[in-house]
Colleague: 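Here it is, the structure, as structure tokens.
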Amino acid sequence: MASSSLKDATAIVGIGQTPFAKQLPQSEKTLAARAIVAALDDAGIAPSEVDAFASYTMEETDEVEIAKAVGAGDVTFFSKVGFGGGGSCATIAHLAAAVATGQANVGVAWRSRKRGSGPRPWKNTTAQLPTPAQWTRPFGLLRPADEIGMLTRRYMHEYGATRDHLFNVALACRNRANQNPAAMMYERPLTRDMYMTSRWISEPLCLFDNCLETDGALACVIVSAERARDCRRKPVYVHSVAQGLPAQHHGMVNYWNDDPLSGPAWTAARHLWKQADFGPQDVDVAQIYDAFTPLIPLSLEGYGFCGRGEGGAFTEGGALEIGGRLPLNTGGGGLSEAYVHGFNLINEGVKQLRGTSTAQVPDAATCLVTAGEGVPTSAVLLRA
């Protein structure tokens, strides 16, 4: 897609979400419908006007059932994006392209997930392994945490990153969640001692290096910039979008790359900044995918906030806190608000640029939102 033609051509005008919890009684379809209806109400747009949908390939609900459930009209565009959390921002990119090119007028992206109360996909040992997993799971890398754990160990070995750097990430996200009544970790502080003495999940990743397990759903609404001016809420413009799949990519371990620590973020970032009117130094607040703490320093490097190998050191001195060099994941992120494959990062970016976040960055006018690093990924630059 030609992102130059997408620059500020569309805007997010509505966001919605359900409560987040370890276990919710409603079905994923019900949760999805509630989040979408809430987002449409936030925008002041009738469900019957929705004519485009974008979601993840891992989404268990589908357009047909969702369109009926919310009362959508005739739908003229629908797409799905693969690779789990790597697809979050790409749903925005696809809808922005559809609206900007006249394929649709009102687009809805959503994610509904009952992971807190549902099964773990890697427990299904009867399913045939996809090709990348044939080179990892027989050797003990069963879960994403195991693959990222190995990548983290290499990062620590090559660049001297430490567990204190990972703690800085976990603490920043927890501190923001402590300000957010909707967060699963609201009013549950994290200390360094708690972090350092917690159980291993996949060494060197401890309990607090891993995202939450969450039931919940989120959605957002995209329309043209022209229409956005007449909607109920302050529009947040989609300034630049990108997806990234590096050459010879091989899952989270990146075995076949010349440099396994140059992940998909680097590929997405080159395209994202090329199409933008501003650079990393102009980003007021960031929502960076945090399924695991080490994804933050890797992404900080990939998206150009610091040099190669400097991501760990970047986290020092409160850099990721409000008032720091780059306030991060201000709703609490996947580590401390909710883990719904990164969609809460999109909604939080919108809240920041509306000025309605529970941990508001003063005068925030630009926001980077990223999808999962380590897998084929995507990113979006939002501006007020």
Side-chain angles (χ1 to χ4, degrees), residues 22 84-86 115-116 119-125 129 132-174 177 184-185 188-214 250-257 259-265 288-302 308-316 320 328-329 332-336 339 342 372-375:
K22 187 76 173 178
R115 176 61 176 273
R120 307 294 175 261
W122 52 82
K123 291 180 68 176
N124 183 6
T125 57
L129 291 178
Q134 293 177 26
W135 296 94
T136 55
R137 290 185 190 168
F139 304 97
L141 302 183
L142 302 179
R143 308 160 298 173
D146 302 321
E147 296 182 318
I148 295 298
M150 190 167 72
L151 206 64
T152 304
R153 182 62 76 192
R154 179 168 185 154
Y155 184 66
M156 289 174 153
H157 174 76
E158 290 196 15
Y159 295 114
T162 68
R163 291 194 68 210
D164 271 307
H165 293 139
L166 302 184
F167 167 66
N168 292 339
V169 173
L171 180 64
C173 292
R174 182 62 64 90
M184 292 178 69
M185 294 293 112
R188 295 177 66 177
L190 177 66
T191 66
R192 184 178 183 278
D193 183 64
M194 289 168 61
Y195 176 89
M196 291 296 175
T197 59
S198 66
R199 61 186 171 92
W200 296 116
I201 299 299
S202 188
E203 197 173 350
L205 303 181
C206 72
L207 176 66
F208 298 111
D209 291 312
N210 291 260
C211 63
L212 301 169
E213 300 286 11
T214 307
H250 186 85
M252 297 184 192
V253 290
N254 253 359
Y255 279 154
W256 312 139
N257 284 30
D259 182 356
L261 296 176
S262 289
I288 296 181
Y289 197 91
D290 59 339
F292 308 98
T293 55
L295 299 186
I296 298 296
L298 290 171
S299 296
L300 290 171
E301 296 173 21
R308 186 61 194 280
E310 298 174 358
F314 186 99
T315 70
E316 296 170 358
L320 308 181
L328 187 88
N329 297 5
L335 289 165
S336 284
Y339 184 66
E373 168 61 333
V375 295

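As the structure is a computational prediction, the values presented were derived from the model and not from experiment.
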Colleague: Is the closest side-chain heavy-atom distance between Pro297 and His165 below 4.5 Å?
Modeller: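 No, side chains not in contact.
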Colleague: Could you pull out all residues at least two apart from Arg192 that satisfy salt bridge (Lys or Arg N to Asp or Glu O under 4.0 Å)?
Modeller: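 With neighbours one apart ignored, the set is Asp164.
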Colleague: In Å and rounded to the nearest 0.5 Å, what is the CG to CG distance from Asn329 to Asp290?
Modeller: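 Answer rounded to 0.5 Å: 4.5 Å.
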Colleague: Could you tell me whether the side chain of Met196 reaches within less than 4.5 Å of the side chain of Thr191, counting heavy atoms only?
Modeller: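 Side chain of Thr191 against side chain of Met196, heavy atoms only: no contact under 4.5 Å found.
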Colleague: Measure the spacing between CG of Leu320 and CD1 of Ile288 and express it to the nearest 0.5 Å.
Modeller: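 It is 8.0 Å, given to the nearest 0.5 Å.
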Colleague: Can you tell me how far CG of Asp193 sits from OG of Ser198, rounded to the nearest 0.5 angstrom?
Modeller: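 It is 10.0 Å, given to the nearest 0.5 Å.
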Colleague: Applying side-chain hydrogen bond (donor to acceptor under 3.5 Å, both in side chains), can you list everything that pairs with Arg308, at least two apart in sequence or on another chain?
Modeller: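 side-chain hydrogen bond (donor to acceptor under 3.5 Å, both in side chains) check on Arg308 returns Tyr159, Asp259, Ser262.
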Colleague: So, using salt bridge (Lys or Arg N to Asp or Glu O under 4.0 Å) as the criterion, who are the partners of Glu310 when residues are at least two apart?
Modeller: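 Salt bridge (Lys or Arg N to Asp or Glu O under 4.0 Å) list for Glu310, sorted by chain: empty.
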Colleague: Could you pull out all residues at least two apart from Ala145 that satisfy side chain to side chain contact (heavy atoms under 4.5 Å, CB included)?
Modeller: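 Here the qualifying residues are Ile201, Ser202, Asn210, Phe292.
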Colleague: Going by heavy atoms in the side chains, are Asp209 and Ile148 under 4.5 Å from each other?
Modeller: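 They are not in contact (no side-chain heavy atoms under 4.5 Å apart), so the answer is no.
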Colleague: Which pairs, with at least one residue in residues 193-212 and sequence neighbours excluded, count as a ring-ring contact (aromatic ring centres under 6.0 Å, His included)?
Modeller: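 The answer is Phe167-Tyr195.
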Colleague: If you measure from OG1 on Thr152 to CG on Leu205, what distance do you get to the nearest 0.5 Å?
Modeller: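 These two atoms lie 4.5 Å from each other.
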Colleague: Minimum heavy-atom separation for Leu335 to Cys173, with atom names?
Modeller: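 Nearest pair, atom of Leu335 first, then Cys173: CD1-SG, 3.9 Å.
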Colleague: Shortest non-hydrogen contact from Glu373 to Ala265?
Modeller: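 Smallest heavy-atom distance, with atoms named: OE1-N, 2.8 Å.
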Colleague: Holding to salt bridge (Lys or Arg N to Asp or Glu O under 4.0 Å), I want the full list of residues that pass it with Glu147, two or more places apart in sequence or in another chain.
Modeller: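 Partners of Glu147 by the salt bridge (Lys or Arg N to Asp or Glu O under 4.0 Å) criterion come out as none, since no residue qualifies.
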Colleague: Going by side chain to side chain contact (heavy atoms under 4.5 Å, CB included), name the residues that satisfy it together with Ala291, two or more places apart in sequence or in a different chain.
Modeller: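 Cys211, Tyr289, Leu295, Tyr339.
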Colleague: Test Leu166 against Thr315 for side-chain contact (heavy atoms from CB on, under 4.5 Å), laying out the working first.
Modeller: CA-CA 8 Å; Leu166 302 184; Thr315 70; over 6 Å; no
Colleague: For Met150, check side chain to side chain contact (heavy atoms under 4.5 Å, CB included) against everything at least two apart and list the hits.
Modeller: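 Scan of Met150 (side chain to side chain contact (heavy atoms under 4.5 Å, CB included), adjacent residues dropped) gives Leu141, Val253, Tyr255.
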Colleague: Would you name the heavy atoms of Gly149 and Pro204 that are closest together and state the gap between them?
Modeller: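 Heavy atoms of Gly149 and Pro204 come nearest at O-CD, 3.3 Å.
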Colleague: side-chain contact (heavy atoms from CB on, under 4.5 Å) between Met252 and Leu151: does it pass, once the steps are laid out?
Modeller: CA-CA 8 Å; Met252 297 184 192; Leu151 206 64; 5.7 Å; no
Colleague: Check for a donor-acceptor pair, side chain of Glu301 on one end and backbone N or O of Gly309 on the other, with a separation under 3.5 Å.
Modeller: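 Yes: the side chain of Glu301 pairs with the backbone of Gly309.
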Colleague: Under the rule for side chain to side chain contact (heavy atoms under 4.5 Å, CB included), what residues qualify as partners of Leu212, not counting sequence neighbours?
Modeller: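 Expected list: Met184, Met185, Thr214.
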Colleague: Would you compute the distance between atom CZ of Arg143 and atom OG1 of Thr136 and round it to the nearest 0.5 angstrom?
Modeller: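 Reported value, rounded in 0.5 Å steps: 12.5 Å.
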Colleague: Of all residues at least two apart in sequence or in a different chain, which pass the side-chain hydrogen bond (donor to acceptor under 3.5 Å, both in side chains) check with Glu203?
Modeller: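 For Glu203, no residue satisfies side-chain hydrogen bond (donor to acceptor under 3.5 Å, both in side chains) once neighbours in sequence are set aside.
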Colleague: Output the distance between atom CZ (Arg163) and atom OG1 (Thr293), rounded to the nearest 0.5 Å.
Modeller: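 The distance works out to 9.0 Å.
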Colleague: Looking at residues at least two apart in the chain, or sitting in another chain, which of them share a side-chain hydrogen bond (donor to acceptor under 3.5 Å, both in side chains) with Ser336?
Modeller: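 Partners of Ser336 under the side-chain hydrogen bond (donor to acceptor under 3.5 Å, both in side chains) test: Arg174.
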